[in-house]
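Heads up: the structure comes next, in structure tokens.
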Number of protein chains: 2
Amino acid sequence: MRRDVFQGIADPTRRAIILLIAMQAMTPNAIAEHFKTSRQAVSKHLQILTECKLVKQEHSGREIYYQLNGAKMADIDKWLEQFKKIWETRFNQLDEVLLTMKKNKK
Amino acid sequence: MRRDVFQGIADPTRRAIILLIAMQAMTPNAIAEHFKTSRQAVSKHLQILTECKLVKQEHSGREIYYQLNGAKMADIDKWLEQFKKIWETRFNQLDEVLLTMKKNKK
DNA sequence: TATATGTGCAATTATTCGGTTGCGCAAATT
DNA sequence: AATTTGCGCAACCGAATAATTGCACATATA
């Protein structure tokens, strides 16, 4: 299944997990302790987060530390950037309109 | 049903709709023309976007113009801000570590 | 070696999601 | 007044989602 970042952050539990491991890389068990759901459920969320590259694994013996992939978080920022540009353009157009009005006035 | 912004932007069609009306407010029919889905399907997406306040309506006779609520888009930006702060803190801590190492060296 | 621990994976279930179709209603058009 | 147009709403359907439970397997620990 093809996942994207926006699907990754859609679930509130997953956003909480992201926030947790943003501060410190953690194992599934350690993460699960912070929630009232089972470890397996957390593991599934981690799988989804891994699929959309929001999270990276680091193996250490039998433990697996999950850590946030900051670069992928930037994808969201990038998407938002689009709208900032659109709004800027809007304002520029508004400026032009005002300028034209001013010209026609005199 | 309680919706949040992240659920709103989770679906690719909805993101496309958001982008469309970001440029110009549009009616459901006009929006639907840009996709291969039915008007009713688009209407459902608009309903969801309205529920999470990402979109506002403006009635004009029997037509309804949907426009983007930029303020709500900022919610996403706000959420991302958290992580930027966490990362900054991380870097500051790294600075401290390097500083401590430097001190111990001499 | 036997046991405990950390993990992923498969099967199951209830719920939600995205879509279609059909309908009713109010506003425009004829 | 009759018809067309734009819209929301409800019923329905197949697919995806989130969560639970049970299991298998590798790595520590006794």
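What you see is a predicted model, and the numbers here were worked out from it, not measured in a lab. A, B, ... follow the sequence lines: proteins, then strands. Residue 1 opens every chain.
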B:Gln57 has an atom CD; how far is it from atom C1' of D:dC9, in whole Å?
-> 14 Å
Distance below 4.0 Å between A:Arg3 side-chain N/O and D:dT17 OP1 or OP2 | yes
Between B:Arg39 and C:dT21, does any side-chain N or O lie under 4.0 Å from OP1 or OP2?
-> no
Hey, does A:Tyr66 reach any base, or is it just sugar-phosphate, or nothing, if we go heavy atoms under 4.0 Å?
-> sugar-phosphate
In Å and rounded to the nearest 0.5 Å, what is the CG to CE distance from B:Leu80 to A:Met73?
-> 5.5 Å
Mapping B:Ala41 and A:Leu46 to their closest nucleotides on DNA chain C, which lands nearer the 5' end?
-> A:Leu46
What do you reckon, is CD of A:Gln24 surrounded by more than 12 foreign heavy atoms closer than 6.0 Å?
-> no
Nearest-nucleotide check on DNA chain C, A:Gln47 vs A:Glu63; residue mapping nearer the 5' end is A:Glu63
Assess whether one donor atom and one acceptor atom, taken from the side chain of B:Arg62 and the base of D:dG8, lie less than 3.5 Å apart.
-> no
Does the side chain of A:Gln7 get closer than 4.0 angstrom to OP1 or OP2 of D:dA16 through an N or O atom?
-> no
Let me know the distance between CD1 of A:Ile64 and P of C:dG6, rounded to the nearest Å.
-> 13 Å
Can you tell me the distance, in whole Å, between the NE2 atom of A:His59 and the P atom of C:dG8?
-> 8 Å
May I ask you to evaluate whether A:His45 reaches the phosphate of D:dA19, defined as a side-chain N or O under 4.0 Å from OP1 or OP2?
-> yes
Report the distance from atom NZ of B:Lys44 to atom C1' of D:dC9, rounded to the nearest whole Å.
-> 10 Å
Could you state the CG-P distance from B:Asn29 to C:dA27, rounded to the nearest angstrom?
-> 17 Å
To the nearest Å, how far apart are B:Gln40 CD and D:dT5 C1'?
-> 13 Å
NZ/B:Lys36 to OG1/B:Thr13 distance, rounded to the nearest 0.5 angstrom?
-> 8.5 Å
Using atom CG of A:Leu49 as one end and atom P of D:dA18 as the other, report the distance to the nearest whole Å.
-> 10 Å
First of A:Ser38 and B:Thr27 reached from the 5' end of DNA chain D, by closest nucleotide = B:Thr27
NZ (B:Lys85) with more than 12 external heavy atoms under 6.0 Å = no
Rounded to whole Å, the CD1-C1' distance (A:Ile9 to D:dT17) equals 17 Å
When you check the phosphate oxygens OP1 and OP2 of C:dG8, does a side-chain N or O of A:Ser43 lie under 4.0 Å from one of them?
-> yes
For the residue pair A:His59 and A:Gln57, confirm or rule out a side-chain donor-acceptor distance under 3.5 Å.
-> yes
